[in-house]
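Structure first, then comments.
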Amino acid sequence: ALNGAPQPHPDWVRSAYALWSDSEPQAALRSAAQLSDPTIRRNAFDTAISRWAKNDAKALGEYALTLPEGYDRTLALSLASRAWSTSAPKDAAEWMLRFDPSAELDLGAATIASMPETLNQPEVAVSWAESIVDPRLRVRVVSSGLRCGSGADTRIPPRIHVNALIPRT
C-alpha cells in the first residue's frame, strides 16, 4: 500500500488464523471480528471457522448457535455439520435432529444422505435428502442415486430414522 499502512498479505492472514484456530478458535474469531479491513476480516474469520470445523466440528456447531443469523452463522453451521457428519455421523445426526431443517444444516444432511451406510437404508437416505432445504442441493443428492430403484416409501417424515442411521459399534 503506497498511501498508508502496509496491508498484510492474504496468505499470511490465512496461515496465522489457521494456526491460532488450532489451539484457541474462539480467541481467533474474536480477534478476526476486531479487524478493520472487511476483506482481511472475512479471510481471517473464514479460515478460523474452516480450521475449527476440521479440528472439533461439534464445538464449532455449538458455538455457531450463539452467532446471530447471517453469513457467519450459516458458514459456521454448514461447515460444522458437514465435518461432523463425516467424522461422527450418528452423533451429528442426533444433534441435527434437535433443529428444524434449515439451509444452515443442508451440507450435514446431504453428507448423511450420501454415506454408504445410509444408502444401504434407502428410506433413511431419502428422508435425509428430502430434509434438505436448498432445492439445488436436494436435487443433486437425490439424483446421485437415492431413488433409483430403491422402492423407498418417500412419505416417511424427514430425518426420523436416526437410530437406524449408522449401526453403533
Side-chain angles (χ1 to χ4, degrees), residues 17-30 32 45-169:
Y17 277 86
L19 291 172
W20 193 357
S21 190
D22 282 343
S23 60
E24 298 177 280
Q26 288 187 29
L29 291 171
R30 283 191 302 274
F45 181 87
D46 291 359
T47 299
I49 288 293
S50 295
R51 184 60 72 106
W52 197 1
K54 291 176 185 174
N55 293 332
D56 191 351
K58 178 182 178 181
L60 173 59
E62 294 297 333
Y63 170 81
L65 295 173
T66 68
L67 297 173
E69 288 188 22
Y71 174 86
D72 292 350
R73 177 186 167 107
T74 298
L75 178 67
L77 281 172
S78 294
L79 293 179
S81 66
R82 182 179 60 193
W84 197 1
S85 295
T86 301
S87 65
K90 176 109 171 86
D91 294 338
E94 289 172 349
W95 182 78
M96 286 190 290
L97 283 172
R98 297 180 6 205
F99 312 102
D100 290 332
S102 70
E104 298 170 327
L105 298 174
D106 276 355
L107 290 178
T111 301
I112 289 173
S114 302
M115 296 185 78
E117 302 91 83
T118 308
L119 291 171
N120 288 333
Q121 303 168 69
E123 63 281 347
V124 175
V126 168
S127 71
W128 278 93
E130 289 182 343
S131 76
I132 297 170
V133 174
D134 178 343
R136 291 178 299 194
L137 180 58
R138 185 180 334 110
V139 166
R140 282 195 350 239
V141 170
V142 170
S143 69
S144 70
L146 291 178
R147 293 184 190 247
C148 296
S150 71
D153 182 354
T154 59
R155 295 170 293 147
I156 297 169
R159 307 188 314 162
I160 63 169
H161 297 287
V162 69
N163 291 328
L165 178 64
I166 307 293
R168 291 185 193 259
T169 55

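Computed from a predicted model, the values in this text were never measured in an experiment.
- Here the CG-OG distance, from D134 to S102, works out to 11.5 Å after rounding to the nearest 0.5 Å.
- Side-chain N or O atoms of S114 include none that pairs as donor or acceptor with a backbone N or O of T111 at under 3.5 Å.
- Rounding to the nearest 0.5 angstrom, the gap separating the CD atom in E24 from the CZ atom in R30 is 8.5 Å.
- No donor-acceptor distance shorter than 3.5 angstrom exists from the side chain of S78 to the backbone of L107, with no hydrogens or angles considered.
- Using a 4.5 Å cut-off on side-chain heavy atoms (C-beta onward), T74 and Y71 make no contact.
- Here the CG atom belonging to L77 is positioned 10.0 Å from the CD atom belonging to E69, to the nearest 0.5 angstrom.
- Looking only at side-chain heavy atoms (C-beta outward), R73 and L65 come within less than 4.5 Å of each other.
- In this structure, the side chains of W20 and T47 stay at 4.5 Å or more apart for every pair of heavy atoms.
- The CG atom of L105 sits 7.0 Å away from atom CZ of F99, with the distance rounded to the nearest 0.5 Å.
- Remark: the backbone N or O of D22 is not paired with any side-chain donor or acceptor of R51 at under 3.5 angstrom.
- Atom-to-atom distance recorded for L60:CG and Q26:CD is 9.5 Å, nearest 0.5 angstrom.
- For the pair S131/M96, no side-chain contact is recorded, criterion being any heavy-atom separation below 4.5 Å from C-beta on.
- Without hydrogens or angle criteria, S21 side chain to A18 main chain gives no donor-acceptor distance under 3.5 Å.
- In this structure, the side chains of M115 and W128 stay at 4.5 Å or more apart for every pair of heavy atoms.
- Here CH2 of W52 is found 6.0 Å from CG of L29. Values are rounded to the nearest 0.5 Å.
- Of the possible polar contacts, one joining the D106 side chain to the V133 backbone as a donor-acceptor pair under 3.5 Å is found.
- At distances below 3.5 Å, at least one donor-acceptor pair connects side-chain atoms of S50 with backbone N or O atoms of D46.
- Salt bridge absent: K58 and E62 never bring a charged side-chain N and a carboxylate O closer than 4.0 Å.
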